[in-house]
Amino acid sequence: MFDSEKAEYLKKIEDLQKIADIAGEEMSPERCEKMLNEDGVYGDVSILHGARNDIVSCSYSENFSVKVVFGPIPFADVCKKLKRVDTKSLSKLNDEVADVKFFTKEDGVYARKYINRRITEEELRSVLSELIGYFDDDKKRR
């Protein structure tokens, strides 16, 4: 009798744990802003509120801007300001890196990665580091 009750309770605990994992805390613009400010490597972190999304915007250095967009489809963007862009290199990167989209706009070259709303702070740090790493020559040498 005891073993069957124990198995039943263990199953209930497992089911509750799955529900708790699903209902875990979402990354919010406020939490993201706080994290980036605490990291101390980003300048002037701010939240921009829009009709469809909120954007946490900051700079990584003079030539890099970083945005984390909290909208219907959340993503992180890193932009490096460049005057000339080698489109062959971007095309090659798009072919080689499946989960990052590289593109250009008038203000520079972008690397974009879509993120999960339940992304942890450590995972978000890793995403931003990865995106910056595609462009930052100093980071590539380390």
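Starting from 1, each residue takes its place in the sequence as its number.
The shortest heavy-atom contact between C79 and G108 is SG-CA, 4.1 Å. Looking at every heavy atom in both residues, C58 comes nearest to G43 through CB-O, 3.5 Å.
Two different hydrophobic clusters hold L82 and F103 under the rule that ILVMFWY side chains link at heavy-atom gaps under 4.5 Å. Hydrophobic clustering (side-chain heavy atoms under 4.5 Å, transitive across Ile, Leu, Val, Met, Phe, Trp, Tyr) groups V56 together with I132. F64 is connected to V109 through a chain of hydrophobic side-chain contacts under 4.5 Å among Ile, Leu, Val, Met, Phe, Trp and Tyr, so both are in one cluster. Under the 4.5 Å side-chain heavy-atom criterion for ILVMFWY residues, no single connected hydrophobic cluster contains both L48 and M35.
In this view, D99 and K113 satisfy the salt bridge (Lys or Arg N to Asp or Glu O under 4.0 Å) rule, not counting sequence neighbours. When the side chain to side chain contact (heavy atoms under 4.5 Å, CB included) test is applied to N116, the partners found at least two apart in sequence or on another chain are R118. Applying the side-chain hydrogen bond (donor to acceptor under 3.5 Å, both in side chains) test to S59 and every residue at least two apart in sequence or in another chain returns nothing. Applying the salt bridge (Lys or Arg N to Asp or Glu O under 4.0 Å) rule to E121 yields the partners R31, R125; only residues at least two apart in sequence or on another chain are considered. Residues passing the side-chain hydrogen bond (donor to acceptor under 3.5 Å, both in side chains) test with S91: none are found, sequence neighbours excluded.
Note that CG of N63 and NZ of K81 are 6.5 Å apart. Values are rounded to the nearest 0.5 Å. Of the inter-residue distances, the one linking I47 atom CD1 with I55 atom CD1 reads 11.0 Å to the nearest 0.5 angstrom. Here K67 contributes atom NZ and N53 contributes atom CG; the two are 10.0 Å apart, rounded to the nearest 0.5 Å. Atom CG of residue L90 and atom CG of residue D95 lie 11.0 Å apart, to the nearest 0.5 angstrom. The SG atom of C32 sits 7.5 Å away from the CD1 atom of I115 when rounded to the nearest 0.5 Å. In this structure, OH in Y42 is found 12.0 Å from OG in S65, a value given to the nearest 0.5 Å.
Sorted by first and then second residue, the pairs that involve residues 112-131 and meet ring pair (Phe, Tyr, Trp, His ring centres under 6.0 Å), not counting sequence neighbours, are F75-Y114.
Side chains of F70 and M27 form a contact here, defined as non-hydrogen atoms less than 4.5 Å apart. L36 places a side-chain heavy atom less than 4.5 Å from the side chain of L128. In this structure, V100 and L131 have side chains that are in contact, with non-hydrogen atoms separated by less than 4.5 Å. Contact check for V78 versus Y60: no side-chain heavy atoms found under the 4.5 Å cut-off. Under the 4.5 Å side-chain criterion, counting only non-hydrogen atoms from C-beta, E33 is in contact with N37.
A donor-acceptor contact shorter than 3.5 Å links the side chain of R117 to the backbone of G71.
The aromatic rings of F102 and F135 sit perpendicular to each other, their planes meeting at more than 60°, with 30° as the lower class boundary.
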(message) Assess the residue pair V68 and V127 against the criterion (side chain to side chain contact (heavy atoms under 4.5 Å, CB included)); give the C-alpha distance rounded to whole Å, side-chain angles, the decisive distance to 0.1 Å, and a yes or no.
(response) CA-CA 10 Å; V68 181; V127 166; over 6 Å; no

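Using a cut-off of 4.0 Å between Lys/Arg side-chain N and Asp/Glu carboxylate O, E30 and K34 are scored as not salt-bridged.
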